[in-house]
Structures are given as structure tokens and as C-alpha cells.
A.B. asks: 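Can you keep this structure in mind? I'll have questions shortly.
These values consider heavy atoms only, across backbone and side chains, with no hydrogens, waters or symmetry-generated copies.
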Amino acid sequence: MLINDVESIVGLSKKSIRYYEEMGLIAPERNSNNGYRFYNEMNLRQLKIIKFLRELGVPVQELKKVMKNEISLRECIESRLIKIAQERRNYERVTLLCQKILDANESLDTIEIDQYFQSMNVLNKEGFTMRKNEQEHKKQINGAIFSSIGFCAFFGLLASLLIFAQTQEPMPWILFVFLESFFVVPILIVPKILINRIKEIKKGEIDEASKY
């Protein structure tokens with residue numbers, strides 16, 4: 001099956017599928033005639049395992065060891081359970097911190113910020129934060145938006161220059177429309193690409209390449 005079929009069945013984006021291929025986690029065959037990747041049932045099973053373990057929070061580097069039998073699935077899950085237990089303890093500490101604020105009926109004027117600030121700093125030093133993913137995703141979304149705006153502005157400028165040139169030294173209309181389409185069509189496609197990109201970011205599908 002082709003990558004579009006795999007994307008639909010497994011629920012991973014093409015970007016993620018190709019990333020896992022680059023990491024050596026899957027090795028689809030290629031059609032010698034057109035160069036298209038062909039994914040067999042084994043590749044499909046591998047991708048389902050990969051997605052399942054990633055949903056459990058297993059880092060790609062550790063996932064790679066599992067897929068290459070450098071560590072067993074049991075060892076991987078046991079390691080993840082230890083980390084989940086630590087994360088649970090951290091969330092419990094944050095929950096108690098929030099509850100303490102409510103129980104004390106704190107306000108901006110009365111809150112003893114130093115003690116709460118110190119408690120949160122201890123968690124931060126242990127590598128725990130409640131806003132890391134949100135900040136990273138916001139940064140990635142802004143980057144995608146600005147890149148799209150820059151792309152559209154550049155191609156829009158080229159399209160405008162071509163129109164201006166047409167007013168000065170007219171060329172055959174068929175040729176003009178043909179050349180203009182090279183600049184206009186990409187601009188029309190950008191919104192769809194941007195929407196898909198933002199969906200990938202919100203779903204965390206690009207985190208593999210940027211965090212692991």
C-alpha cells in the first residue's frame with residue numbers, strides 16, 4: 001500500500017512516517033519504476049507499534065532500541081512506568097499546591113508568593129513544567145504562520161512584477177497566464193498546507209524530530 005493508505009489506517013502524518021523511516025525504524029520497499037514507497041503488512045504493524053509506544057510517551061531513541069531488539073519491550077515499559085510514577089508524583093505536588101491556594105483563599109494582594117514560587121522552582125529544577133509543550137507548540141505555530149506569510153508575500157511580489165511587465169511590454173495572453181499561474185497557484189495552496197501543519201503541531205506529530 002502507498003503512504004496515503006498508511007496515513008489513513010495508522011493515523012500518522014506523512015511527515016511522521018517519513019521521519020520514522022529516516023530513523024531506521026521502518027524500511028518500506030520502493031517501486032523501481034516510479035520510486036514510490038510501498039508499505040507491506042509488516043511495515044503497517046511496525047508503525048502501529050511505534051504509534052502505540054509513542055502515545056505511551058516512549059522517546060524515539062528508546063523506541064529505536066526496542067525495534068532493534070537492543071532492549072526488550074518489557075524493559076521499555078518498566079522504564080516508562082518509573083517515569084510515569086515520577087510524573088504522577090509531580091502532578092500530585094502541583095495539585096496540592098493549587099489546593100493550598102484555594103484553601104487559603106489567596107488573592108493577588110494576599111498570596112504568599114515566595115513560598116509558592118520556591119515550591120515551583122523545586123519542580124522546575126527537577127525538569128518538570130506545566131507549560132513546556134504549550135509554549136513549544138505556540139512557537140512552532142507562529143513560525144509556520146510567519147513562514148507562510150513570507151512565502152505568499154514573495155510569490156505575490158513576483159506575480160505583481162509579472163503583471164507590471166505585462167502592462168509595459170505585453171506578451172501573448174496564453175503565455176502570461178501560464179507564467180502567472182506559477183506564482184498564483186502556490187499562494188492558493190499555502191492555506192491548506194498551513195492548516196495541516198498546525199494540526200500536526202497541535203497533535204504533537206512534529207515533536208519527534210524536534211525533541212528526540
A.B. asks: Let's go through Asn90 and Val94 carefully: what are the C-alpha distance in whole Å and the side-chain angles of both, what is the deciding distance for side chain to side chain contact (heavy atoms under 4.5 Å, CB included) to 0.1 Å, and is it a yes or a no?
C.D. replies: CA-CA 6 Å; Asn90 288 334; Val94 172; 5.7 Å; no

A.B. asks: To the nearest 0.5 angstrom, please state how far the CD1 atom of Ile77 sits from the CZ atom of Arg74.
C.D. replies: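 One finds 10.5 Å between CD1 of Ile77 and CZ of Arg74.
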
A.B. asks: If a pair satisfies ring-ring contact (aromatic ring centres under 6.0 Å, His included) and one of its residues is in residues 144-169, list it, with sequence neighbours excluded.
C.D. replies: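 Found Phe151-Phe155.
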
A.B. asks: Is any side-chain heavy atom of Leu25 closer than 4.5 Å to a side-chain heavy atom of Leu63?
C.D. replies: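 Contact flag for Leu25/Leu63 side chains = yes.
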
A.B. asks: Taking a hydrophobic cluster as the set of Ile, Leu, Val, Met, Phe, Trp and Tyr residues connected by side-chain heavy atoms closer than 4.5 Å, whether directly or through intermediates, do Ile9 and Phe52 fall within one such cluster?
C.D. replies: yes

A.B. asks: So how far is it from Ile3 CD1 to Asn43 CG, rounded to the nearest 0.5 Å?
C.D. replies: 11.0 Å

A.B. asks: Apply side chain to side chain contact (heavy atoms under 4.5 Å, CB included) to Ile17 and Tyr39, showing your working.
C.D. replies: CA-CA 11 Å; Ile17 294 171; Tyr39 299 84; 3.6 Å; yes

A.B. asks: Taking all heavy atoms of Cys76 and all of Ile71, pick out the closest pair and write down the distance.
C.D. replies: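 Heavy atoms only, the tightest pair is CB-CD1, 4.2 Å.
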
A.B. asks: For salt bridge (charged side-chain N to carboxylate O under 4.0 Å, His left out), just list the numbers for Lys100 and Glu106, CA-CA rounded to whole Å, side-chain angles, deciding distance to a tenth of an Å, and then say yes or no.
C.D. replies: CA-CA 9 Å; Lys100 185 177 180 180; Glu106 301 279 20; over 6 Å; no

A.B. asks: Enter the distance from Ile84:CD1 to Ser79:OG here, rounded to the nearest 0.5 Å.
C.D. replies: 9.5 Å

A.B. asks: Please tell me whether Gln118 and Asp114 have a donor and an acceptor in their side chains that are separated by less than 3.5 angstrom.
C.D. replies: no

A.B. asks: Check the surroundings of atom CZ in Arg45: do more than 12 heavy atoms from other residues, nucleotides or ligands lie under 6.0 Å from it?
C.D. replies: no

A.B. asks: Does atom CD of Glu29 have more than 12 heavy-atom neighbours from other groups under 6.0 Å away?
C.D. replies: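 At most 12 heavy atoms, drawn from other residues, nucleotides or ligands, come within 6.0 Å of this atom.
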
A.B. asks: Could you check Val60 against Tyr19 for side chain to side chain contact (heavy atoms under 4.5 Å, CB included), going step by step and ending with a plain yes or no?
C.D. replies: CA-CA 10 Å; Val60 171; Tyr19 171 71; 4.1 Å; yes

A.B. asks: Same hydrophobic cluster for Ile101 and Tyr91, using side-chain heavy-atom links shorter than 4.5 Å among ILVMFWY?
C.D. replies: yes

A.B. asks: Apply the side-chain contact (heavy atoms from CB on, under 4.5 Å) test between Met23 and each candidate in Met67, Lys64, Arg18; give the one that qualifies.
C.D. replies: Lys64

A.B. asks: Of all heavy-atom pairs between Lys68 and Gly24, which one has the smallest distance, and what is that distance?
C.D. replies: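 In terms of heavy atoms, the two residues are closest at CE-O, 4.1 Å.
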
A.B. asks: Measuring from Leu47:CG to Ile26:CD1, what's the distance to the nearest 0.5 Å?
C.D. replies: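 If we round to the nearest 0.5 Å, Leu47:CG and Ile26:CD1 are 4.0 Å apart.
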
A.B. asks: List the atom of Ser181, the atom of Pro186, and the distance in Å for their closest heavy-atom pair.
C.D. replies: O-CD, 3.8 Å

A.B. asks: Does any non-hydrogen side-chain atom of Gln140 lie less than 4.5 Å from one of Arg197?
C.D. replies: no

A.B. asks: Do Arg54 and Glu62 meet the salt-bridge criterion of a basic N to acidic O distance under 4.0 Å?
C.D. replies: no

A.B. asks: Do Lys51 and Gln46 get their side chains close enough for a donor-acceptor pair, meaning under 3.5 Å?
C.D. replies: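 Side chains of Lys51 and Gln46: no pair found under 3.5 Å.
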
A.B. asks: Using 0.5 Å steps for rounding, measure from the CD1 atom of Ile193 to the CG atom of Leu188.
C.D. replies: 11.0 Å

A.B. asks: For the CD1 atom on Ile174, are there more than 12 heavy atoms of other groups (residues, nucleotides or ligands in this structure) within a distance under 6.0 Å?
C.D. replies: no

A.B. asks: In the single-linkage hydrophobic clustering (I, L, V, M, F, W, Y; side-chain heavy atoms under 4.5 Å), do Tyr36 and Val10 co-cluster?
C.D. replies: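 No, no single cluster joins them.
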
A.B. asks: At their closest point, which heavy atom of Ser119 faces which heavy atom of Leu97, and how far apart are they?
C.D. replies: CB-CD1, 3.9 Å

A.B. asks: Between Gln166 and Trp173, is the side chain to side chain contact (heavy atoms under 4.5 Å, CB included) condition met? List the steps.
C.D. replies: CA-CA 9 Å; Gln166 177 70 0; Trp173 277 100; 4.0 Å; yes

A.B. asks: Working to the nearest 0.5 Å, report the span between SG of Cys152 and CZ of Phe183.
C.D. replies: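 Interatomic distance, Cys152 SG to Phe183 CZ, rounded to 0.5 Å: 14.0 Å.
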
A.B. asks: Do you reckon Leu179 sits in the same ILVMFWY cluster as Val184, going by side-chain contacts under 4.5 Å, direct or chained?
C.D. replies: no

A.B. asks: Answer yes or no: does atom CD of Glu41 have more than 12 heavy-atom neighbours from other residues, nucleotides or ligands under 6.0 Å?
C.D. replies: no

A.B. asks: Taking all atoms of both residues into account, what is the closest heavy-atom pair of Lys14 and Glu7, and its distance?
C.D. replies: NZ-OE1, 2.8 Å

A.B. asks: Quick check on Glu169: does its CD atom have over 12 non-hydrogen neighbours (other residues, nucleotides or ligands) under 6.0 Å away?
C.D. replies: no

A.B. asks: Test of understanding: clusters of I, L, V, M, F, W, Y form through side-chain heavy atoms closer than 4.5 Å, transitively. Do Leu73 and Leu56 belong to the same one?
C.D. replies: yes

A.B. asks: Minimum heavy-atom separation for Val190 and Ser148, please, with both atom names.
C.D. replies: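 Smallest heavy-atom distance, with atoms named: CG1-CB, 3.7 Å.
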
A.B. asks: Below 4.0 angstrom, N of the basic side chain to O of the carboxylate: do Arg80 and Glu75 qualify?
C.D. replies: no

